[in-house]
> 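Quick one: structure below, then a few questions.
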Amino acid sequence: MESCKGPEGEEVKCVWVHGPIIVGAGPSGLAVAACLSHHGLPYVILERSHCINSLWQHRTYDRLKLHLPKHFCQLPFMPFPHHFPKYPSKNQFISYLHSYAQRFNIRPRFNQSVHTAHFDPVSQFWLVRTNDFQYISPWLVVATGENADPVIPSILGMDSFHGPIVHTSAYKSGSHYKNKRVLVIGCGNSGMEVSLDLCRHNATPYMVARNTVHVLPREMFGFSTFGMAMGLLKWLPIKLVDKVVLALAGLMLGDTARYGVRRPKTGPIELKLVTGKTPVLDVGQVAQIRSGNIKVMEGVKEITRNGAKFMDGQEKEFSAIILATGYKSNVPTWLKSRESFTKDGMPKTPFPMGWKGENGLYTVGFTRRGLLGSASDAVKIAEDIADQWMSVKDKSYRNSHMILLKST
């Protein structure tokens, strides 16, 4: 390890990486690391937190389970344990990822928050700067994913509200809200499940459904709705699959618009694959909405000291507000060579080729297809780097003196 000049001319400790730099130690980063190990290739994982999979460990609610059957969510080379249920719990999934890291001897460098990463066209290396070091490699794998940071909306009057306002990333259990009226802003999977959790702890949730959303049964006739749709897509066009899914959902759940939850005009599978907007999978929410235990409201016009005013003219009092407003990519905050990314931090190249950018840049966890997409892209990334390995490795050794590198 030697000192070298950082992007602003300051002295920093430089680390030469004999393989890719992977940013992010969530499921996507772990999957790439395991696939690289399968090819016998070295790597370094940089993780801003003090643990792997920090989103699931520290920013999820207690009742969370995988929304899809476990075989759609397993990472390469290691299925879930047979004794795990069809839909593993949060703690079971965390346990699986710890076992995965142990099996493939994955040891991230923790507390390494990436400040900047850019491609140097002169040396042909990626320069990745953290608090303590500048890491240098011919390859950079962006594995921070679509859900790196919470989205906090700006709503008129939020600063005046007398009670707590928390994002679902800080929500753990409805036990903290017993016998309270709670405003839940957002009607996606998080908003629906938090509302259901509040009901089960004797709170009264008012859920804001400003936007349209598809609600589907998690299972149809004993089969995963998602799995059934994926199977039908092998034989039928997507619009016809959507019609079949919606017809069956209507029979099982009824017309959700009657309760204030309007469906988009685009079908659920097409909407998911094109925009990434995930259908809500019903695990009891619709019954609670139908019975009036979850009260559906229109959009919020203004937050007041004691509650909120709504677009339909109603005004109600609340003890707390929960923001189920989702997450966003954080790539624009640190990746300076963003030719391959949009301003929203998503790959410009659409699926299925978004995993490969330019100049040795790769992305994983951005397919809008969950863990199944991450696993598939991780395999492709490792194979592509393995194909380049010898030629790029030799070139790197020859040129390493240009930026004062030394093996660690």
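This is a predicted model, so every value here is computed, not measured.
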> Whether the Asp344 and Thr342 side chains hold a donor-acceptor pair (N or O, under 3.5 Å, no angle test) is what I'd like checked.
no
> Would you check if Ile238 and Leu233 make a side-chain contact, meaning some heavy-atom pair closer than 4.5 Å?
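Counting from C-beta outward, Ile238 and Leu233 do come under 4.5 Å.
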> For residues Ala382 and Leu41, report the shortest heavy-atom separation together with the two atoms involved.
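In terms of heavy atoms, the two residues are closest at O-CD1, 4.5 Å.
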> Closer than 3.5 angstrom, by distance alone: can the side chain of Thr349 be matched with the main-chain N or O of Gly354 as a donor-acceptor pair?
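Not confirmed, Thr349 side chain does not pair with Gly354 backbone.
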> Under a 3.5 Å threshold, yes or no: a donor from one side chain and an acceptor from the other, between Glu146 and Tyr327?
no
> Can you find a pair of side-chain heavy atoms, one from Phe341 and one from Val142, that are under 4.5 Å apart?
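Side-chain contact under 4.5 Å: yes.
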> Does NZ in Lys243 sit with more than 12 non-hydrogen atoms of other residues, nucleotides or ligands closer than 6.0 Å?
no
> Please determine whether side chain to side chain contact (heavy atoms under 4.5 Å, CB included) holds for the pair Val215 and Met192, giving the CA-CA distance in whole Å, both sets of side-chain angles, and the decisive distance to 0.1 Å.
CA-CA 10 Å; Val215 183; Met192 288 273 194; 3.8 Å; yes
> So how far is it from Ile52 CD1 to Ile45 CD1, rounded to the nearest 0.5 Å?
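Output value for this atom pair is 9.0 Å.
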> Aromatic ring centroids of Phe125 and Trp139 under 6.0 Å?
no
> Taking everything shown except Lys65 itself, do over 12 heavy atoms lie less than 6.0 Å from its NZ?
no
> Is it true that Asp120 and Lys336 make a salt bridge, defined as a side-chain N closer than 4.0 Å to a carboxylate O?
no
> Could you walk me through whether Met207 and Ile185 pass the side chain to side chain contact (heavy atoms under 4.5 Å, CB included) check?
CA-CA 6 Å; Met207 184 183 68; Ile185 300 179; over 6 Å; no
> Heavy atoms, side chains only, cut-off 4.5 Å: are Thr363 and Met346 in contact?
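The answer is no, as the side chains (C-beta and beyond) never meet within the 4.5 Å cut-off.
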> Quick one: does Lys70's side chain have a donor or acceptor within less than 3.5 Å of a partner on Phe84's backbone?
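Checked: pair present.
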> In this structure, is the centre-to-centre distance between the rings of Phe223 and Phe221 below 6.0 Å?
no
> Minimum heavy-atom separation for Gly222 and Lys86, please, with both atom names.
O-NZ, 3.5 Å
> With no hydrogens and no angle check, is any side-chain donor or acceptor of Asp282 less than 3.5 Å from a backbone partner on Val286?
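Here the side-chain-to-backbone pair exists.
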> Using modelled atom types only, decide if a donor and an acceptor are shared between the side chain of Arg369 and the backbone of Lys272 within a distance under 3.5 Å.
no
> Test ring-ring contact (aromatic ring centres under 6.0 Å, His included) on Phe77 and His38 and set out the steps.
CA-CA 9 Å; Phe77 312 120; His38 183 71; 4.3 Å; yes
> Tell me whether His201 contacts the main-chain N or O of Lys178 through its side chain, where contact means a donor paired with an acceptor under 3.5 Å.
no
> Should the heavy atoms of other residues, nucleotides or ligands under 6.0 Å from CG of Asp255 be counted, would the total exceed 12?
yes
> Walk me through whether Leu46 and Thr130 qualify under side chain to side chain contact (heavy atoms under 4.5 Å, CB included).
CA-CA 9 Å; Leu46 305 179; Thr130 68; 4.0 Å; yes
> Is it the case that the side chains of Gln112 and Asp132 hold a donor-acceptor pair, with the cut-off being a distance below 3.5 Å and no angle test?
yes
> Looking only at heavy atoms, which two atoms of Pro108 and Glu47 are closest? And how far apart?
CB-CB, 4.4 Å
> Check whether Thr325 reaches the backbone of Pro153 with its side chain - one donor and one acceptor, N or O, closer than 3.5 Å.
no
> For residues Arg48 and Asn330, report the shortest heavy-atom separation together with the two atoms involved.
NH1-ND2, 3.5 Å
> Measuring from atom CD of Gln288 to atom CG of Asn293, what distance do you get when rounded to the nearest 0.5 angstrom?
4.5 Å
> For the CD1 atom of Ile385 and the NZ atom of Lys380, what is their distance to the nearest 0.5 Å?
14.5 Å
> Do Trp16 and Val44 have side chains that get closer than 4.5 Å, going by heavy atoms?
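A side-chain contact is absent here, since even the closest heavy-atom pair is not under 4.5 Å.
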> Can you tell me how far the CD1 atom of Ile294 sits from the SG atom of Cys187, to the nearest 0.5 Å?
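It is 11.5 Å, given to the nearest 0.5 Å.
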> Check the pair Phe93 / His98 against ring-ring contact (aromatic ring centres under 6.0 Å, His included), numbers first and verdict last.
CA-CA 9 Å; Phe93 183 58; His98 277 294; over 10 Å; no
> Does the ring center of His67 lie less than 6.0 Å from the ring center of Phe72?
no
> Closest approach of Asp197 and Gly174, non-hydrogen atoms and distance?
OD2-N, 2.8 Å
> I'd like to know if the side chain of Asn189 reaches the main chain of Pro279, judged simply by a donor and an acceptor atom lying under 3.5 Å from each other, with no hydrogens or angles considered.
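The answer is yes, because a donor-acceptor pair under 3.5 Å joins these two groups.
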> So, are Glu315 and Lys301 salt-bridged, with charged N and O less than 4.0 Å apart?
no
> If you round to the nearest 0.5 Å, how far is OH of Tyr171 from CG of Asp62?
8.5 Å
> Do you know which two heavy atoms are closest between Asp242 and Ile269, and how far apart they sit?
OD1-N, 2.8 Å
> Quick one: does any side-chain atom of Tyr96 pair with a main-chain N or O of Met78 as donor and acceptor, under 3.5 Å?
yes
> Could you tell me whether a side-chain N or O of Tyr100 sits under 3.5 Å from a main-chain N or O of Pro76, the two making a donor and an acceptor?
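Indeed, once roles are kept as given, a pair shorter than 3.5 Å links the two residues.
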> Side chain to side chain contact (heavy atoms under 4.5 Å, CB included), that's the test. Do Leu323 and Met158 meet it? Break it down for me.
CA-CA 11 Å; Leu323 303 174; Met158 281 180 67; 4.2 Å; yes
> With a distance cut-off below 6.0 Å to the six-membered ring centre and an angular limit of 45° from the axis, does Arg218 pair with Tyr87 as a cation-pi contact?
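Relative to the ring axis of Tyr87, which defines the angle, Arg218 lies inside both limits.
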> If we count only N and O atoms by modelled type, under 3.5 Å, do the side chains of Asp384 and Tyr362 hold a donor and an acceptor together?
yes
> Do Val23 and Leu140 come within less than 4.5 Å of each other through their side chains, counting heavy atoms only?
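Val23 reaches Leu140 side chain to side chain.
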> Judged by atom type as modelled, is there a donor-acceptor pair below 3.5 Å linking the side chain of Trp126 to the main-chain atoms of Asn359?
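Judged by distance alone, yes, a pair lies under 3.5 Å.
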> Nearest 0.5 angstrom please: Met311 CE to Arg210 CZ, how far?
7.5 Å
> So Arg181 and Tyr206, do their side chains get closer than 4.5 Å, heavy atoms only?
yes
> Taking NZ, NE, NH1 and NH2 as the nitrogens, is one of them in Lys239 or Glu270 under 4.0 Å from a carboxylate oxygen of the other?
yes
> Between Thr60 and Lys90, do the side chains contain a donor N or O and an acceptor N or O under 3.5 Å apart?
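The answer is yes; a qualifying pair exists.
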> Does the side chain of Ser99 come within less than 4.5 Å of Phe80's, by heavy atoms?
no
> With a cut-off of 6.0 Å (strictly less than), are more than 12 heavy atoms of other residues, nucleotides or ligands near NZ of Lys316?
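Yes, NZ of Lys316 has more than 12 neighbouring heavy atoms, counting only those of other groups under 6.0 Å.
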> Just wondering, do Glu302 and Ile155 contact through their side chains at under 4.5 Å, heavy atoms?
no
